[in-house]
Trainee: 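Take this structure first; my questions come after.
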Amino acid sequence: DGSKWRFLEHKGPVFAPLYEPMPDKVKFYYDGKPMKLSAPAEEVATFFAKMLDHEYTTKDIFRKNFFKDWRKEMTSEEKTKITDLNKCNFSEMNEYFKAQSEARKQMSKEEKQKIKEENERLLQEYGFCLMDNHKERIGNFRIEPPGLFRGRGDHPKMGMLKRRIRPEDIIINCSKDSKHPKPPPGTKWKEVRHDNKVTWLASWTENIQGSIKYIMLNPSSRIKGEKDWQKYETARRLKKCVDRIRTQYRDDWKSKEMRIRQRAVALYFIDKLALRAGNEKEEGETADTVGCCSLRVEHIKLYPKMDEQEYVVEFDFLGKDSIRYYNKIPVEKRVRLQHLFHSISSASPICTLFPSFHSRCPLQTSILNKHLQELMDGLTAKVFRTYNASITLQQQLKELASDDSLPAKILSYNRANRAVAILCNHQRAPPKTFEKSMQNLQTKIDEKQNQLSAARKQLKAAKADHKASHDDKSKKAVELKRKAIQRIEEQLMKLQVQATDREENKQIALGTSKLNYLDPRISVAWCKKWDVPIEKIYNKTQREKFAWAIDMAEKDYEF
DNA sequence: ACGTGGACTTGGAAGAACTTGT
DNA sequence: ACAAGTTCTTCCAAGTCCACGT
């Protein structure tokens, strides 16, 4: 009936610590002269000071937005005095924070232990709730602290002040018959409601985009786990009818109706390239990123012939989180789509790729999803990502499966995982320490190789010795050397595998696919089949999230 | 039918915690 | 014991999709 729980009790959120004013000796300078700031202005200044080493603070938009919002917190005198951000010197504040974090690192064991215990106490008190007779872990029980908004990519709002959230901003959601959370002394909640049609425990409206933020349960909770399971079951249902759907959209490429042809091409891209749906967004409110339906002419190039291949489409656009998507694919004969090639050559680059000439509006995700819903119950664009990710993992694991050593098996698994991450375009910035850590590994490999050749020489010597003397002692020595070589060879192999894995993973982020796209039962089954301990694949958090799958899947599980 | 707000999933980066080698 | 390196956890932004109201 749409209700998500019958009973819900919790203690409410933990608020961000109050602002602690700077010690007097830490000065802010305007135009070279020290200046004491009012507490509100000083607090916002510290947000900027903390980020001084970050590239953000050099960006024009960031500086402009910050300065505008900072001025709103100033007293009228401050406002008249401070008129130019370039004349502001936050470096003492910046050094103060660096010193503080250094001091934190240098704390004694006891002090660190004390902090740890305090955190643990907070977690025990606020980090859990009671939902339908189960104690469940809350995902984010701390309210986001105030600070400067950091968007990704070219975000027009970067640098704006994210304001402090007070109890008066918070809506609490819990059972009527539960012990309601108490607001801090002298304050009130915005509202206490009892809505069991939703899963969140508390919410507030954030001031940058005006969107709502929630406090929800941890992925290990029943409510998230069931949903996750359901998601993979939907993807498995798609597996059963994907052939039919593919046949249909190929047929639709020939449709007389432009609308249907466009829909079919979009669907093809979503299926083949695992593109996101691409909802329309309000212009100027966010970074300019696109998905399938919001692709513009400027994002693709068509090559009637490229190298050996005919009809190549080149994609180059910024997707979610402003991550660049770049790919070239030869399209199937029938998708050489008259209309795609036609309309693109004449259209302006900023036109959407799927405009509509006959109806007023371009292809929208809602239209696409409505169509998908008719093809299969519960089918939406993102199900294709889940389906293609999971089926790819399963296939790759079949191909890569081997009776190799454990490290080799894990390399195989990571490679399969990597194939999925590449499909979904999950990229990361190469780690700052990447080159160095590769070098270190190489040094280790070289050392191991030297060790190996030394050991081989020793074996030879031992053999010669044995030949000469033929006694038991020398025979034993030969055996020992053999064993030593075997051990070193294993170690060397392990290092080499590690190096390969790391190199291949330089710019690939495996986490997102592992956590959100791969049916965990595939991995559990693979572990059981090949005798790989599940801990090698999933860490503690991941095992908690996928507890349902670990319980459920046997070695013959098929996605 | 359409547009908007709301709820929930997905995403990479940064910071914290742990491990390893010296 | 400690510094460096690696892995885990947290953070919070940015998507998807649906329900609801007009």
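Order of the sequence lines sets the chain letters (A, B, ...), proteins ahead of strands, with each chain counted from 1.
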Trainee: Within this structure, what is the CD-to-P distance between A:Glu544 and C:dC8, rounded to whole angstrom?
Mentor: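 Result: 13 Å.
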Trainee: Below 3.5 Å is the cut-off: list the nitrogen or oxygen pairs between protein and nucleotides 16-18 of chain C, distance only.
Mentor:
unit_1 : atom_1 : unit_2   : atom_2 : d
C:dT16 : OP1    : A:Ala277 : N      : 3.3
C:dT16 : OP1    : A:Gly278 : N      : 2.7
C:dT16 : OP2    : A:Asn279 : N      : 3.0
C:dT16 : OP2    : A:Asn279 : ND2    : 2.9
C:dC17 : OP1    : A:Thr380 : OG1    : 2.8
C:dC17 : OP1    : A:Ala381 : N      : 3.3
C:dC17 : OP1    : A:Lys382 : N      : 2.7
C:dC17 : OP2    : A:Asn369 : ND2    : 3.1

Trainee: Separation of A:Asp228 atom CG from B:dA7 atom P, in whole Å?
Mentor: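 Rounded to the whole Å, the gap is 21 Å.
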Trainee: If you measure from the Lys or Arg side-chain nitrogens to the Asp or Glu carboxylate oxygens, is any gap between A:Arg137 and A:Glu544 under 4.0 Å?
Mentor: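 Salt bridge flag = no for A:Glu544 with A:Arg137.
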Trainee: So that I can tick it off, tell me whether A:Asp321 and A:Arg152 are bridged by a salt bridge, with the cut-off set at under 4.0 angstrom between side-chain N and carboxylate O.
Mentor: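 Here A:Arg152 pairs with A:Asp321 in a salt bridge, since their nearest N and O are under 4.0 Å apart.
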Trainee: Is any side-chain N of the basic residue among A:Asp288 and A:Arg296 closer than 4.0 Å to the acidic one's carboxylate O?
Mentor: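 Salt bridge flag = yes for A:Arg296 with A:Asp288.
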Trainee: Could you tell me whether A:Thr286 contacts a base, only the sugar-phosphate backbone, or nothing, with contacts defined as non-hydrogen atoms closer than 4.0 Å?
Mentor: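 Nothing, no nucleic acid heavy atom in range.
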Trainee: Heavy atoms under 4.0 Å, any strand shown: does A:Arg137 hit a base, just sugar-phosphate, or nothing?
Mentor: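 Here A:Arg137 touches the backbone only, sparing every base.
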Trainee: Does B:dA13 have OP1 or OP2 sitting under 4.0 Å from an N or O in the side chain of A:His54?
Mentor: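 Indeed not, no polar side-chain atom of A:His54 lies that close.
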Trainee: Can you measure A:Glu206 atom CD to C:dC11 atom P for me and round it to whole angstrom units?
Mentor: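 Rounding to the nearest Å, CD of A:Glu206 and P of C:dC11 are 17 Å apart.
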Trainee: Would A:Lys135 count as a cation-pi partner of A:Phe128, with NZ or CZ less than 6.0 Å from the six-membered ring centre and within 45° of the ring normal?
Mentor: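 The answer is yes, since A:Lys135 meets both limits relative to A:Phe128.
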Trainee: Please lay out, stage by stage, how A:Glu125 and A:Arg121 fare under the test salt bridge (Lys or Arg N to Asp or Glu O under 4.0 Å).
Mentor: CA-CA 6 Å; A:Glu125 181 165 3; A:Arg121 195 190 62 75; 3.2 Å; yes
Trainee: Looking for any heavy atom pair under 4.0 Å, which part of the strands does A:Gln427 touch: base, sugar-phosphate only, or nothing?
Mentor: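 Answer is sugar-phosphate: A:Gln427 comes under 4.0 Å of backbone atoms only.
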Trainee: Protein-nucleotides 19-22 of chain C N/O pairs closer than 3.5 Å?
Mentor:
none

Trainee: Does A:Asp169 pair with A:Arg166 as a salt bridge, N-O distance under 4.0 Å?
Mentor: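 Yes, A:Asp169 and A:Arg166 are salt-bridged.
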Trainee: Could you tell me whether A:Arg222 and A:Glu136 make a salt bridge, using a distance below 4.0 angstrom between a side-chain N and a carboxylate O?
Mentor: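 Answer for the salt bridge query: no.
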Trainee: Side-chain N or O of A:Lys320 less than 4.0 angstrom from OP1 or OP2 on C:dA13?
Mentor: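 No, no such contact exists.
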Trainee: With respect to the phosphate group of B:dT9, does any side-chain polar atom (N or O) of A:Lys224 fall under 4.0 Å of OP1 or OP2?
Mentor: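 Looking at the OP1 and OP2 atoms of B:dT9, one of them is under 4.0 Å from a side-chain N or O of A:Lys224.
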Trainee: Would A:Glu206 and A:Arg163 satisfy salt bridge (Lys or Arg N to Asp or Glu O under 4.0 Å), going step by step from the backbone distance to the final call?
Mentor: CA-CA 8 Å; A:Glu206 153 272 347; A:Arg163 64 172 229 289; over 6 Å; no
Trainee: Determine the contact category for A:Arg502: base if any of its heavy atoms lies under 4.0 Å from a base atom, sugar-phosphate if only primed atoms, P, OP1 or OP2 are that close, otherwise nothing.
Mentor: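 Sugar-phosphate: the residue A:Arg502, judged by heavy atoms under 4.0 Å, touches backbone atoms but no base.
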Trainee: Taking the basic N atoms (NZ, or NE/NH1/NH2) and the acidic carboxylate oxygens, is any pair closer than 4.0 Å for A:Glu233 and A:Arg236?
Mentor: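 Looking at A:Glu233 and A:Arg236, the cut-off is met.
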Trainee: Which heavy atom of A:Pro13 sits nearest to which heavy atom of A:Ile215, and what is that distance?
Mentor: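 Reported closest heavy-atom pair: CB-CD1, 3.4 Å.
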Trainee: Base, sugar-phosphate, or nothing for A:Ile323, non-hydrogen atoms under 4.0 angstrom?
Mentor: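 Here A:Ile323 touches the backbone only, sparing every base.
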Trainee: Separation of A:Leu518 atom CG from B:dT9 atom C1', in whole Å?
Mentor: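 From A:Leu518 CG to B:dT9 C1': 15 Å.
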Trainee: Is A:Ser211 touching bases, backbone alone, or none of the nucleic acid, heavy atoms closer than 4.0 Å?
Mentor: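 Counting heavy atoms under 4.0 Å across all strands, no contact is made by A:Ser211.
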Trainee: State, to 0.1 Å, how close A:Ala549 and A:Arg521 come at their nearest heavy-atom pair, and which atoms those are.
Mentor: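 Shortest heavy-atom contact: CB-CG, 3.6 Å.
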Trainee: Would you kindly give the CD-to-C1' distance between A:Gln100 and B:dG15, to the nearest whole Å?
Mentor: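 In whole Å, B:dG15 C1' and A:Gln100 CD are 16 Å from each other.
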Trainee: If you assign each of A:Cys424 and A:Trp200 to its closest nucleotide in DNA chain B, which residue comes earlier from the 5' end?
Mentor: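 Final value for this comparison: A:Trp200.
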Trainee: Between A:Arg428 and A:Glu447, name the one whose nearest nucleotide on DNA chain B is closer to the 5' end.
Mentor: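 The residue whose closest nucleotide sits nearer the 5' end is A:Arg428.
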Trainee: Could you state the NZ-C1' distance from A:Lys197 to B:dG5, rounded to the nearest angstrom?
Mentor: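 Checked: the NZ to C1' distance equals 19 Å.
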Trainee: For residues A:Leu518 and A:Ala389, report the shortest heavy-atom separation together with the two atoms involved.
Mentor: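 That closest heavy-atom pairing would be CD2-O, 3.4 Å.
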Trainee: For C:dA14, does OP1 or OP2 lie under 4.0 Å from any side-chain N or O of A:Gln209?
Mentor: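 Indeed, a polar side-chain atom of A:Gln209 lies that close.
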Trainee: Pick base, sugar-phosphate or nothing for A:Lys4, based on heavy-atom distances below 4.0 Å to the nucleic acid.
Mentor: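 It contacts sugar-phosphate atoms only.
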Trainee: Mind calculating the distance between CG (A:Asn140) and C1' (C:dC12) to the nearest angstrom?
Mentor: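 In whole Å, C:dC12 C1' and A:Asn140 CG are 9 Å from each other.
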Trainee: If the threshold is 4.0 Å, N to carboxylate O, is there a salt bridge linking A:Glu535 and A:Lys540?
Mentor: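 Between A:Lys540 and A:Glu535 there is no salt bridge, as every charged N stays at least 4.0 Å from the carboxylate O atoms.
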Trainee: Given the rule in the side-chain hydrogen bond (donor to acceptor under 3.5 Å, both in side chains) test, do A:Arg6 and A:Asn196 qualify, once you have shown the distances and angles that lead to the verdict?
Mentor: CA-CA 7 Å; A:Arg6 294 178 304 281; A:Asn196 77 347; over 6 Å; no
Trainee: NA contact type, A:Ala429, heavy-atom cut-off 4.0 Å: base, sugar-phosphate, or nothing?
Mentor: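 It contacts sugar-phosphate atoms only.
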Trainee: Tell me: OH of A:Tyr232 to C1' of B:dT10, nearest whole Å?
Mentor: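 About 11 Å, once rounded to whole Å.
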Trainee: Which ones in residues 143-166 of chain A lie close to DNA chain C, meaning a heavy atom under 4.0 Å from one of its atoms?
Mentor: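 Of all residues in residues 143-166 of chain A, the ones placing a heavy atom under 4.0 Å from DNA chain C are A:Glu144, A:Pro145, A:Phe149, A:Arg150, A:Gly151, A:Arg152, A:His155, A:Lys162.
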Trainee: For the side chain of A:Met216, counting heavy atoms from C-beta on, which of C:dC8, B:dG11, B:dA7 is nearest?
Mentor: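 Nearest to the side chain of A:Met216 among the choices is B:dA7.
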Trainee: I want to verify a distance call: between B:dG12, B:dA7, B:dA14, whose nearest atom is closest to the A:Asp321 side chain?
Mentor: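 Minimum distance to the A:Asp321 side chain belongs to B:dG12.
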Trainee: When you measure from the side chain of A:Tyr214, which nucleotide among B:dC8, C:dC12, B:dG12 comes out closest?
Mentor: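 When the side chain of A:Tyr214 is considered, B:dC8 is the closest of B:dC8, C:dC12, B:dG12.
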Trainee: Using a cut-off of strictly less than 4.0 Å, decide whether A:Thr199 has a side-chain nitrogen or oxygen near OP1 or OP2 of B:dC8.
Mentor: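 Yes, within the criterion.
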